[in-house]
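First the structure, in the form of structure tokens, and then the observations on it.
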Number of protein chains: 2
Amino acid sequence: MDAEPKNTGGKAEPWGDITPDAARRLVSAAVHAFAERGYHATTTRDIASRAGMSPAALYIHYKTKEELLYQISKVGHERALTIVERARDSEGTPAERLADAVRSFVRWHAEHHTTARVVQYELGALAEEHHAEVIAVRKATDGAVRSIIEDGVKAGVFDVADVRGTTVAVLSLCIDVARWFNTAGRSTPDEVGDLYAGLVLRMVGAHGEHQDGRP
Amino acid sequence: MDAEPKNTGGKAEPWGDITPDAARRLVSAAVHAFAERGYHATTTRDIASRAGMSPAALYIHYKTKEELLYQISKVGHERALTIVERARDSEGTPAERLADAVRSFVRWHAEHHTTARVVQYELGALAEEHHAEVIAVRKATDGAVRSIIEDGVKAGVFDVADVRGTTVAVLSLCIDVARWFNTAGRSTPDEVGDLYAGLVLRMVGAHGEHQDGRP
DNA sequence: ACGGAGAGTGAGCAAGCGCTTAGGCCCCGT
DNA sequence: ACGGGGCCTAAGCGCTTGCTCACTCTCCGT
């Protein structure tokens with residue numbers, strides 16, 4: 001279905017393409033540790049031992065603990081942005097594109113809830129320069145969602161009084177999935193994605209189509 | 001308007017009634033520090049110096065740093081629960097009560113966004129026993145919102161396929177306000193509360209009344 | 001055969017952490 | 001007048017933290 005074989009939203013861990021192997025294990029270990037305890041409560045010894053190596057080995061592949069977080073945060077934010085941009089640029093009515101954006105964005109946050117939790121809730125621990133970089137990606141994500149909503153308003157198929165505020169609300173809804181979603185829980189990523197796509201279409205007052213965004 | 005003079009949702013800091021004065025200053029300092037940097041990145045020296053005292057003085061009023069977080073988390077969660085319970089138990093249609101709950105819940109999270117950020121996002125740092133206690137309050141909050149939605153569904157004025165999932169979504173929306181709200185930002189707590197009440201009424205498919213929950 | 005790069009280790013340093021101790025000041029009931 | 005509790009500080013203890021250092025092992029091109 002896709003000309004590019006590179007995986008940007010599949011079920012596997014988003015770190016499959018990192019080399020050497022030890023570096024990949026370190027990132028994966030860091031993601032799990034950061035997600036469980038938070039960045040500041042995680043020690044470099046903890047990360048190293050999860051990756052099956054000595055504390056010193058971490059510094060062969062990454063200069064600092066913060067650089068590990070930066071890698072995770074940067075790649076994660078870019079993946080998330082790609083997802084909404086793909087929906088924004090796809091063909092279809094604004095409702096279809098908005099539903100698609102929400103559905104895949106939510107699904108990503110649910111499937112990769114460990115990574116997503118770090119990406120969405122640990123960015124405050126980044127160094128100032130890295131933080132600014134990541135904030136720029138977040139603004140782009142916000143802009144992508146907003147432009148879909150604006151398209152719907154202009155086309156007269158959405159009824160939104162406060163586009164900016166509603167965009168924030170839509171993103172809130174999606175992002176917060178990373179906080180509460182749990183693999184052992186009641187619903188699957190697909191189910192949550194479908195539910196949320198429907199809720200968002202209602203929020204923007206979409207009319208002239210079914211709730212799932214398909215006319 | 002209220003027989004009870006005690007403030008449970010006003011604009012002042014929610015810590016006005018703590019005595020002695022030094023203990024109140026410590027809690028307030030801890031709230032600001034935890035909100036800015038997170039629990040684990042905050043040092044007891046930082047809290048003490050913000051409160052204008054020596055590091056050792058903290059331990060006269062609180063046994064540990066974690067106990068400070070526990071006080072903040074417990075009181076904050078109880079305040080939040082009180083707000084939605086009041087809306088649940090008030091008179092009015094389900095739509096009015098749901099709009100009321102969301103409006104005041106969101107307003108609280110926006111007005112007290114510093115406190116709310118600690119309450120909503122730092123509870124993972126609590127000791128196991130305290131954590132369990134706080135989780136129980138959160139479940140009660142979820143139950144209160146869900147019961148309003150269930151009332152609306154039973155009365156035939158809400159159109160909700162997945163009550164549990166929709167409740168989670170509504171709470172997500174409200175809670176996430178604490179993450180992004182900023183006093184210097186574009187909108188006031190009142191504006192966000194009104195906007196979000198309207199969005200939630202749409203999410204539950206409320207009909208037979210205006211969007212603001214008033215028939 | 002072998003030198004050098006890459007990848008890893010055990011030991012440990014300086015700094016900072018949560019928290020304790022010993023002691024001092026001030027106010028108040030008797 | 002004065003003993004005692006409440007409140008506070010300076011100093012510092014024991015420990016953990018992020019990170020470094022000196023060194024070893026393995027692999028590969030020449």
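Naming: A, B, ... by sequence-line order, numbering from 1 per chain. As the structure is a computational prediction, the values presented were derived from the model and not from experiment.
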- Is it true that A:Arg179 and B:Asp176 have a side-chain N and a carboxylate O under 4.0 angstrom from each other? no
Practice prompt. Looking at every strand, decide which applies to B:Ser54 at a 4.0 Å heavy-atom threshold: base, sugar-phosphate, or nothing.
Written response: base
A:Leu26 atom CG is separated from C:dG8 atom C1', nearest whole Å, by 12 Å
- Message: I'd like to know if A:Asp142 pairs up with A:Arg138 as an ion pair, taking the criterion as any Lys NZ or Arg NE/NH1/NH2 lying under 4.0 Å from an Asp or Glu carboxylate oxygen.
- Response: no
Do the side chain of B:Arg107 and the main chain of B:Gly193 share a donor and acceptor less than 3.5 angstrom apart?
no
**OP:** Give the C-alpha distance, both sets of side-chain angles, the deciding distance and a yes or no for side chain to side chain contact (heavy atoms under 4.5 Å, CB included) between A:Arg86 and A:Ser90.
**Re:** CA-CA 6 Å; A:Arg86 187 173 297 182; A:Ser90 70; 5.9 Å; no
Between OH of A:Tyr59 and C1' of C:dC13 the distance, given in whole Å, is 13 Å
Any ion pair linking A:Arg88 and A:Asp151 (charged N to carboxylate O, less than 4.0 Å)?
no
Taking for A:Met53 and for A:Arg45 the nucleotide of DNA chain C with the nearest heavy atom, the one nearer the 5' end belongs to A:Met53
So the contacted stretch of DNA chain D, first to last nucleotide with an atom under 4.0 Å from a non-hydrogen atom of chain A, runs from D:dT17 to D:dC21
B:Arg37 atom CZ is separated from C:dG16 atom P, nearest whole Å, by 14 Å
- Query: What do the steps show when you test B:Phe158 against B:Glu150 for side chain to side chain contact (heavy atoms under 4.5 Å, CB included), and what is the final call?
  - Reply: CA-CA 8 Å; B:Phe158 290 172; B:Glu150 273 165 357; over 6 Å; no
Whole-Å distance, A:Ile60 CD1 to C:dG8 C1', equals 5 Å
